[in-house]
Amino acid sequence: MKIAVILTEFLNDYAKNYYQSLALNCELSYFIYKDFQDAGELYLALEPDYDGFLVSGPVPRAAICQRVPSLPKPLISFGSSPLCYYESFFQIQYNEKDFYLERGYYDLMEWYSGEPDRPLYDFLKRGEFHDLIMEIYQNTSSYSLEQLCEMEEKIKEKHIRLWREGRIQYSVTRFSNIMPDLLHAGVKTYFVYPKYEILKEAITTLLQEVSLKAMLQNQTTIAALNQQYSSQFLFQRQARSQSSEYGRDYLDALSRRTGFSLSYVRRFVTALETLNNEHVTSQNLASALDITPRSANRLLKRLLNCGVAEEITTDHLPNRGRPEKAYRILN
């Protein structure tokens, strides 16, 4: 299985060193993109030779999707979660002698489409930072490729201008592509690195999607499976027409929101038809998707972080002390 990792020069060593420490049943190759437009061109050029793609963040993923609206191969991004930002805030607080949020420039706020001039600390104070991150990730999918490229340049110039004018004490970014220019300009910039857990979840999800796609396309393999697996995959193929009641627009929106490929979203929606959306656990989702409970738990956490699910109760399993979390899947 061949996987292409599309990322920036700044993140290359960080991602490569971590993935090389894992025992992965695949071959990873790394490709550097220069800007958001180049990311889409790289995907097009590499697509015939690779089974799946990882990309370094939701914004370059949105750029690729704008360039290639119908992805022929699975594409998963690894971005920075709210926890990654919190860790960066603690690092800044430790390093800056006179730490005030108002003295920094946080370029993630450039993607916020709500109240103008609402400061970052207001979201943190009200416990709404998680919702802010999810809204920003959703907003990026609505930008055209040209708008994404313009936004990247605008943000880079604003970092440098605010620093040179002495209006900020430091700046914070998740755009690895602009980091070399900011450092060269002398801007004291903190980069929000994705946690290793996020990188691992991304490659795990991608390998699952690639395997599923291969099985669905290989009719000979499906026919050779035992009755249980054969029946399940036949049901999944038939359920494509059933899942159309959700509409292509809904499935596309869910794909952009979660970062899952369209084929994986269809599989997930099909599985939900056999479950009670008001009470989903890692155990019953694992059974419906024929994956391990651990993988199902990672999937539910991803849906929770994307605002697609909400935690409702905990179920006490027989003969186990730890309760099992239950979720409601939101429409």
Side-chain angles (χ1 to χ4, degrees), residues 1-8 11 15 26-79 137-149 177 194 198-199 201-218 233 236-237 239-241 243-244 246-271 289 298-299 302-303 306 308:
M1 190 180 299
K2 296 177 64 178
I3 302 298
V5 186
I6 299 177
L7 73 177
T8 63
L11 269 179
C26 65
E27 175 187 339
L28 268 63
S29 300
Y30 299 83
F31 301 91
I32 307 300
Y33 72 85
K34 300 175 183 177
D35 52 37
F36 292 148
Q37 186 162 357
D38 188 40
E41 299 304 325
L42 266 177
Y43 180 93
L44 282 174
L46 298 170
E47 184 271 323
D49 300 322
Y50 289 86
D51 302 303
F53 292 81
L54 283 178
V55 63
S56 57
V59 180
R61 184 185 190 279
I64 292 175
C65 291
Q66 288 293 337
R67 181 67 180 86
V68 192
S70 181
L71 297 172
K73 299 287 179 65
L75 172 68
I76 297 295
S77 68
F78 52 88
Y137 282 176
Q138 293 171 34
N139 287 344
T140 59
S141 63
S142 66
Y143 281 67
S144 68
L145 181 56
E146 293 75 15
Q147 289 172 323
L148 290 171
C149 294
N177 205 35
I198 294 176
L199 269 65
E201 179 184 359
I203 187 62
T204 300
T205 302
L206 178 61
L207 295 180
Q208 289 174 348
E209 289 202 25
V210 171
S211 297
L212 173 65
K213 186 177 181 68
M215 284 189 287
L216 291 175
Q217 290 178 338
N218 192 333
F233 284 107
Q236 289 179 350
R237 283 172 29 214
R240 289 182 181 177
S241 59
S243 65
S244 64
Y246 290 91
R248 178 58 184 264
D249 290 343
Y250 169 80
L251 296 176
D252 285 341
L254 188 58
S255 174
R256 291 193 299 268
R257 190 170 184 180
T258 59
F260 295 141
S261 69
L262 193 58
S263 62
Y264 198 81
V265 168
R266 286 198 185 100
R267 182 188 178 201
F268 173 68
V269 169
T270 297
L289 289 173
R298 285 198 298 266
L299 172 57
R302 179 82 166 268
L303 297 175
C306 293
V308 178

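For the ring-ring contact (aromatic ring centres under 6.0 Å, His included) test, residues two or more places apart in sequence or in another chain that qualify with Tyr143 are Trp111. Partners of Asp35 according to the side chain to side chain donor-acceptor pair (under 3.5 Å) rule, which considers only residues two or more places apart in sequence or in another chain, do not exist here. The ring-ring contact (aromatic ring centres under 6.0 Å, His included) check on Phe268 picks up nothing, with sequence neighbours excluded. Residues passing the side chain to side chain donor-acceptor pair (under 3.5 Å) test with Thr140, sequence neighbours excluded: none. Contacts of Glu27 classified as salt bridge (charged side-chain N to carboxylate O under 4.0 Å, His left out), with partners at least two apart in sequence or in another chain: none.
Proximity of Phe78 to Ile76: side-chain heavy atoms (C-beta onward) are nowhere separated by under 4.5 Å. By the 4.5 Å heavy-atom criterion applied to side chains, Leu71 and Ile64 are counted as neighbours. Glu41 has its side chain within reach of Arg67: a pair of non-hydrogen atoms, C-beta onward, lies under 4.5 Å apart. Between Ser211 and Met1, some side-chain heavy-atom pair lies under the 4.5 Å cut-off. No side-chain heavy atom of Cys65 sits less than 4.5 Å from a side-chain heavy atom of Tyr43. With a 4.5 Å cut-off on side-chain heavy atoms, Ile6 and Pro60 do not count as touching. No side-chain heavy atom of Val68 sits less than 4.5 Å from a side-chain heavy atom of Leu75.
Nearest heavy atoms, Val5 versus Leu7: O-CD2, 3.5 Å. When all heavy atoms are compared, the tightest approach of Pro74 to Glu209 is CB-OE1, 3.8 Å. Looking at every heavy atom in both residues, Arg298 comes nearest to Thr204 through NH2-CG2, 2.9 Å.
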Could you give the side-chain donor-acceptor pairs of residues 45-57 under 3.5 Å, partners two or more places apart or in another chain?
| from | atom 1 | to | atom 2 | distance (Å) |
| --- | --- | --- | --- | --- |
| Glu47 | OE2 | Lys73 | NZ | 3.3 |
| Tyr50 | OH | Ser29 | OG | 3.4 |
| Asp51 | OD2 | Lys2 | N | 2.7 |

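Atom OG1 in Thr205 sits 7.5 Å away from atom CG in Leu299 (nearest 0.5 Å).
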